[in-house]
Amino acid sequence: AWPPSRCPFHLTRLYTLAAVQGSASAQGKLGLCYALGTGVAHDLAEAARYFSLAAEQGLASSQFWSGHMSECGNGAKRDQDEAVRMYRAAAAQGNVLALVQLGICLEKGRGVEQDGVEAAARYAEASAASAIGGDAARIFAHGAYHIERVDGQSEPSAPSSFYAQVGVRELGLAARLGHKGALKKLVTVSSRREVASVCCMGCGATRALMECAKCHVAKFCDRECQTGNWQAHKQSCRQWRPTDGG
C-alpha cells in the first residue's frame, strides 16, 4: 500500500483542495495529474484548464504546458499564436523547455515570423541554463519515463498517444540540449509503431502530420523534421515498407 504522503489519490485530493483556493503550484500539479492520469482519470480538457489557471498566475512550468496543449490541440483549441505567447512567457522566466520550444517555433515560423537569429539565441540560452541546472538529464529522464508508459496497442489509447508525443518531444529537447543518450533513445523509440504513428518523430508535434512516403507509418510535420530524424528512422522505415505484391 502507498504511504499517505505518496499515494497519488491522496495527493490529488490535496492538490484539488489547494487549487480551489487559488494555489498556482497545486493547479499546475493537478494539471499534470489529469494529463498523465495519475490519481485521477486521464482528462486532457481538465489538464488544459488547470494549466491555464496556473499560467495566468505566472507559473512558468504551467505556461509551458499550456503552450504545449494549445500547440497540439490537446484538451484545448489548437492555437499556435497562443502557444507562442505561452512559450514566450515561460521562456522569459528561464524555463528551459519553453526556451527550446520557442526556438523551434521561431526556426520553423510557427505562430511567429520565422527568425533564425532569435531561434539560435533561444537555443543558446536554453543550453546555458541547462548546463547550470542539469536540465538535459532531467528532461531525458522524463521523456524516457513517458515513453515507457505507452501501452503498445496497435491503436493507441488517448493516454498512450499523449505519453508518446510528450516523450518524443522531451527526448528531442534533451538531444538539442546535448544529452548524449537522447538521440540513441530516439532511435529505439522510432522503431515502435505505436509511437511513430501518432506524432511527429522529429519534434513530437501533432499538427498537420504527413506520412513517410516510404513506410507509410511514421509521421512528420514537415520535411525539416523528416530529414533531421532520418538517422533515427531509417532502420524501422525499411522494416515497415510494404513488400512488393503484398
Side-chain angles (χ1 to χ4, degrees), residues 19 22-36 43-130 133 135 138-139 142-143 146 161-162 165-174 176-177 199-200 202-209 220-222 224-225:
S23 168
S25 176
Q27 289 166 349
K29 290 175 180 176
L30 195 55
L32 282 173
C33 288
Y34 276 108
L36 301 175
D43 188 332
L44 291 180
E46 277 295 274
R49 185 172 75 86
Y50 279 110
F51 285 142
S52 179
L53 289 172
E56 289 173 3
Q57 296 195 65
L59 188 66
S61 59
S62 287
Q63 288 171 337
F64 165 77
W65 281 110
S66 188
H68 171 83
M69 304 296 264
S70 292
E71 183 174 17
C72 295
N74 283 328
K77 180 182 177 181
R78 180 170 284 166
D79 187 337
Q80 190 65 44
D81 292 340
E82 175 64 11
V84 170
R85 187 178 76 85
M86 286 288 98
Y87 291 149
R88 283 196 183 280
Q93 298 188 62
N95 183 278
V96 173
L97 289 169
L99 283 165
V100 178
Q101 204 57 41
L102 177 59
I104 292 173
C105 291
L106 288 161
E107 182 181 352
K108 295 179 177 291
R110 293 178 178 169
V112 66
E113 185 175 350
Q114 193 169 23
D115 189 333
V117 174
E118 188 182 352
R122 298 293 78 77
Y123 291 144
E125 189 178 348
S127 295
S130 177
D135 290 289
R138 177 178 58 81
I139 293 168
H142 285 179
H146 290 137
S161 294
F162 183 76
Q165 73 177 53
V166 172
V168 168
R169 174 160 288 189
E170 288 175 327
L171 291 173
L173 294 178
R176 283 179 177 269
L177 292 170
C199 63
C200 174
C203 66
T206 60
R207 59 188 293 277
L209 296 180
F220 298 94
C221 63
D222 58 28
E224 287 181 51
C225 273

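Numbering starts at 1 and runs along the sequence shown.
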Check your understanding: Is there side-chain contact between Tyr123 and Leu99, with heavy atoms separated by less than 4.5 Å?
Key -> no

Exercise for review: Using a 4.5 Å cut-off on heavy atoms from C-beta on, say whether the side chain of Leu209 contacts that of Phe220.
Suggested key: no

Practice item. With side chain to side chain contact (heavy atoms under 4.5 Å, CB included) as the test, would you mind laying out the steps for Tyr87 and His68 before giving the verdict? Key: CA-CA 8 Å; Tyr87 291 149; His68 171 83; 4.1 Å; yes

Practice item. Could you please spell out the steps behind the side chain to side chain contact (heavy atoms under 4.5 Å, CB included) verdict for Phe162 and Leu44? Key: CA-CA 9 Å; Phe162 183 76; Leu44 291 180; 3.7 Å; yes

Review point. Hey, are Lys77 and Glu82 close enough for a salt bridge, meaning a charged N less than 4.0 Å from a carboxylate O?
Key: no

Review point. Do the rings of Tyr34 and Tyr50 sit parallel, tilted or perpendicular, given the 30° and 60° boundaries?
Key: parallel

Check your understanding: Should Arg169 and Glu71 count as an ion pair when the cut-off is N to O under 4.0 Å?
Key -> yes

Check your understanding: When rounded to the nearest 0.5 angstrom, what distance separates OG in Ser62 from CG in Asn95?
Key -> 10.0 Å

**Study point:** Atom pair CD/CD of Glu107 and Glu118 - distance to nearest 0.5 Å
**Key:** 12.5 Å

Practice item. Enter the distance from Gln93:CD to Gln63:CD here, rounded to the nearest 0.5 Å. Key: 5.0 Å

Practice item. Please tell me if the side chains of Leu173 and Gln101 come closer than 4.5 Å, counting only heavy atoms from C-beta onward. Key: yes

Practice item. Would you mind reporting whether Ser127 and Arg176 have side-chain heavy atoms less than 4.5 Å apart? Key: no

**Study point:** Stepwise side chain to side chain contact (heavy atoms under 4.5 Å, CB included) check, Ser70 with Arg78
**Key:** CA-CA 5 Å; Ser70 292; Arg78 180 170 284 166; over 6 Å; no

Exercise for review: Starting at CE of Met69, measure out to CG of Asp79 and round the result to the nearest 0.5 Å.
Suggested key: 14.0 Å

**Study point:** Check: Met86 and Phe64 side chains under 4.5 Å, non-hydrogen atoms
**Key:** no

Review point. Any side-chain heavy-atom pair from Phe51 and Glu46 closer than 4.5 angstrom?
Key: no

Practice item. Determine, stepwise, if the pair Leu102 / Arg88 fulfils side chain to side chain contact (heavy atoms under 4.5 Å, CB included). Key: CA-CA 7 Å; Leu102 177 59; Arg88 283 196 183 280; 3.8 Å; yes

Check your understanding: Rounded to the nearest 0.5 Å, what separation is found between the CG atom of Leu30 and the OG atom of Ser23?
Key -> 10.0 Å

Point to revise | Side chain proximity check, Gln114 to Lys108, heavy atoms < 4.5 angstrom | key: no

